[in-house]
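Reviewing the structure listed below.
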Amino acid sequence: MATPNSDPIQIDLALQGGGAHGAFTWGVLDRLLEEDRLIIEGVSGTSAGAMNAAVMSCGLVRGGRDEARRLLAEFWRRVSDAARFSPFKRGPLDRMMGRWTLDNSPAFVMLDLTARLISPYSLGGMAGNPLRDILCDLIDFDTLAKGPVKLFITATNVQTGRGRVFRRHEISADVLLASACLPTLYQAIEIDGVPYWDGGYSGNPTMTPLVRECDSNDTILVQINPVERPGTPRSAREIASRLNEISFNSPLLKELRMMALLRQVADPGKCEARLWQAMRMHRISSELMIKLGHSSKLNAEWDFLQMLFDAGRQSAGAFLADHGADLGVRPTLDLDDLLQQD
């Protein structure tokens with residue numbers, strides 16, 4: 001087991017999106033914030049990862065680490081409270097069996113079918129997003145823009161298909177909602193006349209700004225979408241769930257492969273190349289996510305969010321115990337392995 005030193009270490013965080021599964025990231029952040037030696041310089045986030053990033057950063061500005069932890073807990077409690085009267089509930093059998101899936105929920109089944117046939121624009125804009133009020137209540141965006149943490153929030157430009165990375169001075173409730181805008185559920189979020197969808201389609205999360213715009217050489221990726229899953233999906237729902245995972249992981253994997261390739265071929269004498277050569281990647285994840293299907297990303301029951309939070313804290317604690325001494329010294333995620341994959 002590694003024994004970390006007590007010297008301050010600057011780190012960056014890369015936070016994936018994944019709906020309610022973002023409560024796992026909440027747990028990871030809660031544990032990392034207990035480590036005074038870890039100085040968070042930059043955070044790149046998408047969807048739920050973007051909201052975790054903004055809420056945490058706002059808390060750090062207001063009152064430091066304890067306030068950041070309190071504000072994150074408040075955010076997820078309010079998410080659960082807002083969903084208390086939601087029709088998306090587990091069925092009696094799933095509750096009895098201790099399963100968190102919504103696959104057997106009549107409301108989810110209806111939503112799944114409706115989303116394939118009816119555009120959210122056909123609803124006349126009636127399908128509002130309850131997250132807007134929560135974000136506006138908890139985050140002072142003017143204060144956030146002046147905070148010490150560099151924020152990079154990704155949303156997908158609907159017209160070009162390319163990702164746009166918003167910096168901290170550009171972040172608003174609309175930017176965060178755009179980063180989490182699933183096009184089958186919500187109308188595109190317009191920012192300065194440009195429509196945006198979920199950032200997971202173009203960068204989940206976007207890594208490059210952490211390398212180019214931050215001084216830290218250590219980036220911790222909090223990954224909540226499984227890259228590999230055993231077996232072959234056979235039912236229509238299993239196929240849709242796996243397609244969702246693959247599509248939301250693809251931009252990240254492509255970017256990590258690009259980074260690995262640049263590190264191998266870049267001229268170390270050039271300034272840009274030295275940034276890639278110095279980068280040290282780390283990852284916090286959990287096998288629990290392999291057991292959770294796509295539908296549970298809409299499950300905002302407090303017990304489920306608390307379970308994910310506990311798993312996140314445990315995973316972060318295990319990472320610190322095993323690799324805490326590696327921070328500032330060596331990478332623990334070998335990007336070169338990505339170049340060897342078929």
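In what follows, every heavy atom counts, from backbone to side chain, and hydrogens, waters and symmetry copies are set aside. Since the structure is predicted, the reported quantities are computational estimates derived from the model, not experimental observations.
Partners of Tyr196 by ring-ring contact (aromatic ring centres under 6.0 Å, His included), not counting sequence neighbours, listed by chain and number: Phe166.
Asp218 contributes a side-chain N or O that, together with a main-chain N or O of Gly328, makes up a donor-acceptor pair within less than 3.5 Å. Of the possible polar contacts, none joining the Arg164 side chain to the Arg162 backbone as a donor-acceptor pair under 3.5 Å is found. Side-chain atoms of Gln223 do not come within 3.5 Å of backbone N or O of Ser285 as any donor-acceptor pair. Although no hydrogens or angles enter the test, the distance criterion places a donor-acceptor pair under 3.5 Å between the side chain of Ser296 and the main chain of Gly293. In this structure, Glu41 contributes its side chain and Val149 its backbone to no donor-acceptor pair below 3.5 Å. With Lys150 contributing its side chain and Glu213 its backbone, the two residues share a donor-acceptor pair below 3.5 Å. At least one donor-acceptor pair under 3.5 Å links the side chain of Asn249 to the backbone N or O of Asn225. The backbone N or O of Gly203 sits less than 3.5 Å from a side-chain atom of Thr46, completing a donor-acceptor pair. A donor-acceptor distance shorter than 3.5 angstrom exists from the side chain of Glu255 to the backbone of Thr208, with no hydrogens or angles considered. Under the 3.5 Å distance criterion, the side-chain polar atoms of Ser179 are left unmatched by any main-chain donor or acceptor of Val175.
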(request) Apply salt bridge (Lys or Arg N to Asp or Glu O under 4.0 Å) to Arg37 and Asp7, showing your working. (result) CA-CA 6 Å; Arg37 71 189 184 95; Asp7 296 334; over 6 Å; no
(message) Run the salt bridge (Lys or Arg N to Asp or Glu O under 4.0 Å) test on Arg313 and Glu34 for me, step by step, so that the C-alpha distance in whole Å, both residues' side-chain angles and the decisive distance to 0.1 Å come before the verdict.
(response) CA-CA 11 Å; Arg313 276 192 57 88; Glu34 291 180 343; 3.1 Å; yes
(message) Run the salt bridge (Lys or Arg N to Asp or Glu O under 4.0 Å) test on Arg62 and Asp140 for me, step by step, so that the C-alpha distance in whole Å, both residues' side-chain angles and the decisive distance to 0.1 Å come before the verdict.
(response) CA-CA 9 Å; Arg62 286 182 181 175; Asp140 182 337; 5.6 Å; no
(request) Please lay out, stage by stage, how Arg242 and Ile246 fare under the test side-chain contact (heavy atoms from CB on, under 4.5 Å). (result) CA-CA 6 Å; Arg242 186 57 182 149; Ile246 292 172; 4.0 Å; yes
(message) Could you walk me through whether Arg84 and Asp81 satisfy the salt bridge (Lys or Arg N to Asp or Glu O under 4.0 Å) test, starting with their C-alpha distance in whole Å, then the side-chain angles of each, then the deciding distance to 0.1 Å, before giving a yes or no?
(response) CA-CA 5 Å; Arg84 186 174 299 168; Asp81 288 345; 2.6 Å; yes
(request) Verify side chain to side chain donor-acceptor pair (under 3.5 Å) between Trp197 and Asn157, making sure each step is shown before the conclusion. (result) CA-CA 7 Å; Trp197 283 340; Asn157 184 316; over 6 Å; no
(message) As a quick check of understanding, evaluate side-chain contact (heavy atoms from CB on, under 4.5 Å) for Leu131 and Leu176, giving each step before the final call.
(response) CA-CA 9 Å; Leu131 286 174; Leu176 296 177; over 6 Å; no
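Residues Ser216 and Ile11 share a closest heavy-atom pair of OG-CA, 3.3 Å. Residue Thr219 comes nearest to Met207 through the heavy atom pair CG2-CE, 3.9 Å, listed as atom of the first residue, atom of the second, then distance. Closest heavy-atom contact between Met289 and Pro226: O-CG, 3.6 Å. Between Ala48 and Gly22, the shortest heavy-atom distance links the atoms CB-CA, 4.1 Å. Residue Ser286 comes nearest to Phe24 through the heavy atom pair CB-CE1, 3.6 Å, listed as atom of the first residue, atom of the second, then distance.
The aromatic rings of His282 and Phe319 sit perpendicular, their planes meeting at an angle over 60°, well past the 30° parallel limit. Taking the six-membered ring where tryptophan is involved, the planes of Trp26 and Trp302 are tilted, since the angle between them lies from 30° to 60°.
The other residues sharing a hydrophobic cluster with Leu243 are Ile239, where clustering joins ILVMFWY side chains under 4.5 Å apart.
Side chain to side chain, Thr154 and Thr206 meet the donor-acceptor criterion of an N or O pair below 3.5 Å.
A salt bridge does not link Asp133 to Arg78: none of the charged nitrogens lies less than 4.0 Å from a carboxylate oxygen. Residues Glu245 and Arg229 are paired through a salt bridge, judged by an N-O separation under 4.0 Å between the basic side chain and the carboxylate. For the pair Glu287 and Lys291, the salt-bridge criterion is not met [side-chain N within less than 4.0 Å of a carboxylate O].
Using a 4.5 Å heavy-atom cutoff, the side chains of Ile220 and Arg283 are not in contact.
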